[in-house]
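By convention in this document, chain letters (A, B, ...) are assigned in the order of the sequence lines, proteins followed by strands, and residues within each chain are numbered from 1. Just so you know, these numbers use all the heavy atoms, side chains as well, and skip hydrogens, waters and symmetry mates.
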Amino acid sequence: MRILSGIQPTGRFHWGNYFGAIRQYIALQDNEQAFYFIADLHALTTVRDPALLQEYSREAAIDLLALGLKPEQATLFRQSDVPEISELTWLLMTVTQMSLLEKCHAYKDKQAKGLAADAGLFTYPVLMAADILLYDSDKVPVGVDQVQHIEVARDIAGRFNAMYNAEALHLPEAYVVESTAKVPGTDGEKMSKSYGNTIELFQPAKKLRKRIMSIKTDSAALEDSKVPETCSVFTLYQLFADEQQQNALADRYRAGGMGYGEAKQTLYEAAMEYFAPARERREQLVANIDQVEDILQAGATRAREKGREVLDRVRAACGLSAQGQ
RNA sequence: ACGGGUGUAGCUCAAUUGGCAGAGCACCGGAUUCCAAAUCCGGCGGUUGGGGGUUCAAGUCCCUCCGCCCGUGCCA
């Protein structure tokens, strides 16, 4: 059973990324054959600064490894290190109906906002389909908002197979990761880069503390009884604390006499402790950056091996010569 | 494709007959606050869409290319 997941390096990872997605994806590496890639080709539609894209891609690899991705179990690679992706994208594009892409929400959203959409954004679901199909992926863990794109991949694969009367492409299934964790940002809205309310995972301790202190609260006085359920600080604390610790803090909220400043300090300490091992691993990785590059190269080699196999099947099906021979 | 409009800081927009590129918001730092918010103080931020020309001097005038918006046409 092969699972596949990609993440766009469009910025530094934050708590929302981790608790909403990364954590669940990494957990799957133990039971499945996992392919994880850094979707730099996708990021290209957003990040227009070459130096920045390179930095984000490298940081993404470091972060994922620091957060527990085991390269000896899972295959980690950079999307752009697998050129077979681009070739498969073209082949798929020739069987993709315009109407299918016009329905996709990333494109529709941008149109609705009156923003300029380029062909990259429009055809992005085809690239995503290629990402998935190139490795005969069985399951693709995604959030609910991405299920549509998996359906697109299935549609394209099915259409290709039917058109050429071949079993060249393996139909993947969406594996919906129910993100049980609520991760509010510093303004109380859902944590998201586009809201500018994120708390970055690996920022320096001092910055992190400052960021946590800036979380929006109500103006209840120090001695007032407070409601933990509606407080972002408490909601975030739940991500790091066990049930007993959560109950203890909730009791202090309700009792009154504890201010939000103290709650934030508690949250800060809990977060620092929670991510301490990852921070330590990260420091080691940064000190051995060559090792990270080696891991990515080894991952790319493995990914290309599988990709070549599938691509040859696809090429043969539509009448192109097989390259691998 | 033609016509009109438009392009200035991350965002919304100023800038007199051609005369030192600015403000508000956002962001960062400080004061204040249990923390945050509000308020006050300070700071960062620019190839004025690109290129060429006129001029002592161009955001401003001329040429050219590009992006975006509106209208019309062409093609099915």
When all nucleic acid strands are considered with a 4.0 Å heavy-atom cut-off, which category describes A:Arg211: base, sugar-phosphate, or nothing?
sugar-phosphate

Starting from P on B:C28, measure out to CD on A:Glu200 and report it in whole angstrom.
11 Å

note: A:Tyr195, atom OH; B:A26, atom P; distance rounded to Å ~ 18 Å

What is the nucleic acid contact for A:Lys226, judged by heavy atoms within less than 4.0 Å: base, sugar-phosphate only, or nothing?
nothing

Contact class for A:Ser214 vs. all strands (heavy atom < 4.0 Å): base, sugar-phosphate, or nothing?
sugar-phosphate

Tell me the interatomic distance from A:Lys206, atom NZ, to B:G30, atom C1', rounded to whole angstroms.
13 Å

Apply the side-chain contact (heavy atoms from CB on, under 4.5 Å) test between A:His170 and each candidate in A:Asp138, A:Asn161, A:Leu133; give the one that qualifies.
A:Asp138

Compare side-chain N and O positions of A:Lys216 against OP1 and OP2 of B:A38 and report whether any pair is under 4.0 Å apart.
no

Checking contacts here: which listed nucleotide (B:A36, B:C28, B:C34) is nearest the side-chain heavy atoms of A:Thr217?
B:A36

Students often get this wrong, so: under 4.0 angstrom with heavy atoms, is A:Lys264 touching a base, only sugar-phosphate, or nothing?
base

Just compare B:C34, B:G29, B:C35 and give me whichever is closest to any side-chain atom of A:Leu222.
B:C34

Interatomic distance, A:Gln265 CD vs B:A36 C1' [rounded to whole Å]
15 Å

Looking only at B:A36, B:G29, B:C35, the nucleotide nearest the A:Tyr260 side chain is B:C35

Using the P atom in both, what is the distance from B:G51 to B:U12, to the nearest Å?
23 Å

Are A:Asp218 and A:Tyr260 linked by a side-chain donor-acceptor pair shorter than 3.5 Å?
yes

Shortest non-hydrogen separation from A:Leu41 to A:Ser80 and the atoms involved
CD2-CB, 4.0 Å

Is it true that the side chains of A:Gln284 and A:Glu280 contain a donor and an acceptor less than 3.5 Å apart?
no

Under 4.0 Å, counting only non-hydrogen atoms across every strand here, what does A:Ile215 touch: a base, just sugar-phosphate, or nothing?
sugar-phosphate

